[in-house]
**Student:** 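The structure under discussion is supplied below as structure tokens; questions concerning it will follow.
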There are 2 protein chains.
Amino acid sequence: MADLNKLLTPIYLNEKEIRKIIELMFFSYRDFTSGPDKILEKIKFGRAHHRVIYFVGKRNNLTIKELLSILKITKQSLSRVLNQLVKEKYIVLSIGEDKRTKKLSLSRRGLELEKKLSEIQINKIFNVIKNFNENEINGFKKVLFEMIDHKNQNKFNEIN
Amino acid sequence: MADLNKLLTPIYLNEKEIRKIIELMFFSYRDFTSGPDKILEKIKFGRAHHRVIYFVGKRNNLTIKELLSILKITKQSLSRVLNQLVKEKYIVLSIGEDKRTKKLSLSRRGLELEKKLSEIQINKIFNVIKNFNENEINGFKKVLFEMIDHKNQNKFNEIN
DNA sequence: TAATTAAGTCAATATGGCTGACCTAAATAA
DNA sequence: TTATTTAGGTCAGCCATATTGACTTAATTA
């Protein structure tokens, strides 16, 4: 059975090859986030601040609830980060039509920081994928998408 | 110029499309690590323990220095995690030919945990990529590889 | 009017990083 | 042979990010 498996399984489905993917995920994600991390450090922010700025920048007038459902962290965790961003005027709050809700948006200052941080990642991705053909890039995106838990794939689709 | 760019830039190199990749990286990495995280939680370990177990399992008789150069964390950070793994008998230390060095290897217990944790990620990847053709999978791997900082790509090649 | 929802807050806890300072023992270079 | 470098260890303190649990307020909805 094990031998039959070896005969019938294409090489790219071997455990050894799959383990390479595990490592590629680790190394690439680490280096993918390291650029923004360095800038954030200077202004005493962390990766969590970047995420908030990123998604607020993407969807202006996001409510806290929506943001929590994207980030999937507790409101207590978000609270610390968000309060800092509001206090330091990167993010502006306003009250929604439903007066229980609050809408988040980037200030000019916040938008500047968002640009600065995302630019690094955008450039990195651009410089990588420009050397690949459309099929390869689509393969990359489709595989990554399928690596997202089924229940969370909707979230990606919702915001895009 | 901006208009010319729009005319000449393929759609998959647009900022909007690249931002999707940023999000795919975030969501996929989060869900990729969530499986092992749940198991680790039960035995009061974290993701850092998984990494150590993973790379020691991959390369038996790894030295501390080599492990540090893969993980790129400080020895003080590694120390806490590693001491726990040794104390709880997941990892065994022995002295190298160069008597200043120590070699790390997994105990039977450690190997069992490694299997249990990696199995989740291996199965997840297997179940995703089995539905893709070889070109798409290669595209995926090649793009991920190129997302690794140049200076760190060697590290991936060394261990593979 | 009662129940639910959105948001906020206080407190305690855990994990995973970091810097800096300092130590030991072994290997290597001058 | 002595001096330097290297591998590893340790103590202390700090910071960021996350968690759980308990409780509050105000607005909406049943």
Side-chain angles (χ1 to χ4, degrees), chain A residues 26 29-31 33-34 36-56 61-88 91-104 117, chain B residues 26 29-31 33-34 36-56 61-88 91-104 117:
Chain A
F26 168 60
Y29 192 77
R30 188 185 58 185
D31 289 352
T33 50
S34 67
D37 284 355
K38 278 171 209 149
I39 290 176
L40 291 158
E41 212 186 342
K42 291 180 203 157
I43 52 174
K44 306 268 188 178
F45 283 167
R47 204 175 290 176
H49 301 83
H50 186 191
R51 283 178 198 145
V52 169
I53 285 180
Y54 180 90
F55 286 111
V56 172
N61 291 323
L62 204 64
T63 64
I64 306 248
K65 193 197 174 191
E66 287 164 341
L67 183 54
L68 285 173
S69 86
I70 292 170
L71 298 175
K72 299 224 184 326
I73 55 174
T74 58
K75 63 179 172 179
Q76 295 93 323
S77 291
L78 177 58
S79 146
R80 180 186 42 86
V81 170
L82 186 56
N83 286 337
Q84 288 173 317
L85 288 167
V86 171
K87 191 174 290 168
E88 301 188 27
I91 284 186
V92 177
L93 297 178
S94 62
I95 292 178
E97 299 94 73
D98 178 339
K99 286 173 188 165
R100 290 172 306 178
T101 67
K102 287 184 180 169
K103 291 175 168 182
L104 308 175
L117 295 172
Chain B
F26 169 59
Y29 192 77
R30 186 184 60 188
D31 289 352
T33 49
S34 67
D37 284 354
K38 278 171 207 146
I39 289 175
L40 291 158
E41 213 187 341
K42 290 179 202 156
I43 52 174
K44 304 268 187 178
F45 282 166
R47 204 175 291 175
H49 300 83
H50 185 192
R51 284 179 197 146
V52 170
I53 286 179
Y54 180 89
F55 286 110
V56 173
N61 292 321
L62 204 63
T63 65
I64 306 250
K65 194 198 174 190
E66 287 165 341
L67 183 54
L68 286 173
S69 86
I70 292 170
L71 298 175
K72 298 224 186 322
I73 55 174
T74 59
K75 63 178 172 179
Q76 295 92 324
S77 293
L78 176 59
S79 147
R80 183 179 36 82
V81 169
L82 186 55
N83 286 338
Q84 288 174 316
L85 288 167
V86 171
K87 191 175 287 167
E88 300 187 27
I91 282 185
V92 177
L93 297 179
S94 63
I95 292 180
E97 300 93 71
D98 179 337
K99 286 173 186 164
R100 290 172 304 177
T101 67
K102 285 184 183 170
K103 291 175 168 181
L104 309 174
L117 295 172

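Both backbone and side-chain heavy atoms feed into the values below; hydrogens, waters and symmetry mates do not. Quick note on labels: first sequence line is chain A, next is B, and so on, each numbered from 1. For clarity, every value in this text was computed on a predicted model and none was experimentally measured.
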**Student:** For a quick check of understanding: with a heavy-atom distance under 4.0 Å over all strands, which category does A:Glu97 fall into, base, sugar-phosphate or nothing?
**Tutor:**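 Counting heavy atoms under 4.0 Å across all strands, the contact made by A:Glu97 is with sugar-phosphate only.
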**Student:** Take the protein atom NZ of A:Lys72 and the nucleotide atom P of D:dT19, then report the distance between them rounded to whole Å.
**Tutor:**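 Whole-Å distance recorded here is 12 Å.
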**Student:** Could you tell me which residues satisfy side chain to side chain donor-acceptor pair (under 3.5 Å) with A:Ser34, sequence neighbours excluded, listed by chain and number?
**Tutor:**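 A:Ser34: no side chain to side chain donor-acceptor pair (under 3.5 Å) contacts found.
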**Student:** Give a yes/no on whether any side-chain N or O of B:Thr74 is located under 4.0 angstrom from OP1 or OP2 of C:dC18.
**Tutor:**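 So the side-chain polar atoms of B:Thr74 do come within 4.0 Å of the phosphate oxygens OP1 or OP2 of C:dC18, strictly under.
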**Student:** Would you indicate, yes or no, if C:dC18 has its OP1 or OP2 atom less than 4.0 angstrom from a side-chain nitrogen or oxygen of B:Ser77?
**Tutor:**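 Yes.
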**Student:** Check every strand shown and say whether B:Thr101 touches a base, only sugar-phosphate, or nothing at a heavy-atom separation below 4.0 Å.
**Tutor:**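 Touches sugar-phosphate only.
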**Student:** Would you mind classifying the nucleic acid contact of A:Arg47 as base, sugar-phosphate or nothing, using non-hydrogen atoms under 4.0 angstrom?
**Tutor:**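 Result for A:Arg47 = sugar-phosphate.
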**Student:** Between C:dA7, C:dG17, D:dT17, which one does the side chain of A:Lys102 approach most closely?
**Tutor:**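 Of the options given, the side chain of A:Lys102 lies nearest C:dA7.
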**Student:** Check this for me: does any side-chain nitrogen of one of B:Lys103 and B:Glu66 sit under 4.0 Å from a carboxylate oxygen of the other?
**Tutor:**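 A salt bridge is absent here (no side-chain N lies under 4.0 Å from a carboxylate O).
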**Student:** Can you find a side chain N or O atom of A:Asn83 that sits less than 4.0 Å from OP1 or OP2 on C:dG8?
**Tutor:**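 Answer no for this pair, as no side-chain N or O of A:Asn83 is under 4.0 Å from OP1 or OP2.
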**Student:** Tell me, please, which residues at least two apart from B:Asp98 pass side chain to side chain contact (heavy atoms under 4.5 Å, CB included).
**Tutor:**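 Side chain to side chain contact (heavy atoms under 4.5 Å, CB included) check on B:Asp98 returns B:Arg100, B:Thr101.
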**Student:** State whether A:Arg51 places a side-chain N or O below 4.0 Å from either non-bridging phosphate oxygen (OP1 or OP2) of D:dA18.
**Tutor:**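 For D:dA18, OP1/OP2 do have a side-chain N/O of A:Arg51 under 4.0 Å.
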**Student:** So, does B:Lys75 get its side chain near the phosphate of D:dG8, meaning an N or O under 4.0 Å from OP1 or OP2?
**Tutor:**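 No, outside the criterion.
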**Student:** Among C:dG16, D:dT28, D:dA22, which is the nearest nucleotide to the side chain of A:Gln76?
**Tutor:**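 Nearest listed nucleotide: D:dA22.
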**Student:** If you assign A:Gln84 and A:Lys99 each to the DNA chain D nucleotide with the nearest heavy atom, which residue ends up on the more 5' nucleotide?
**Tutor:**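 Nearer the 5' end of the strand: A:Gln84.
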**Student:** Are A:His49 and D:dA16 close enough that a side-chain N or O sits under 4.0 Å from OP1 or OP2?
**Tutor:**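 No, because none of the side-chain N or O atoms of A:His49 sits under 4.0 Å from OP1 or OP2 of D:dA16.
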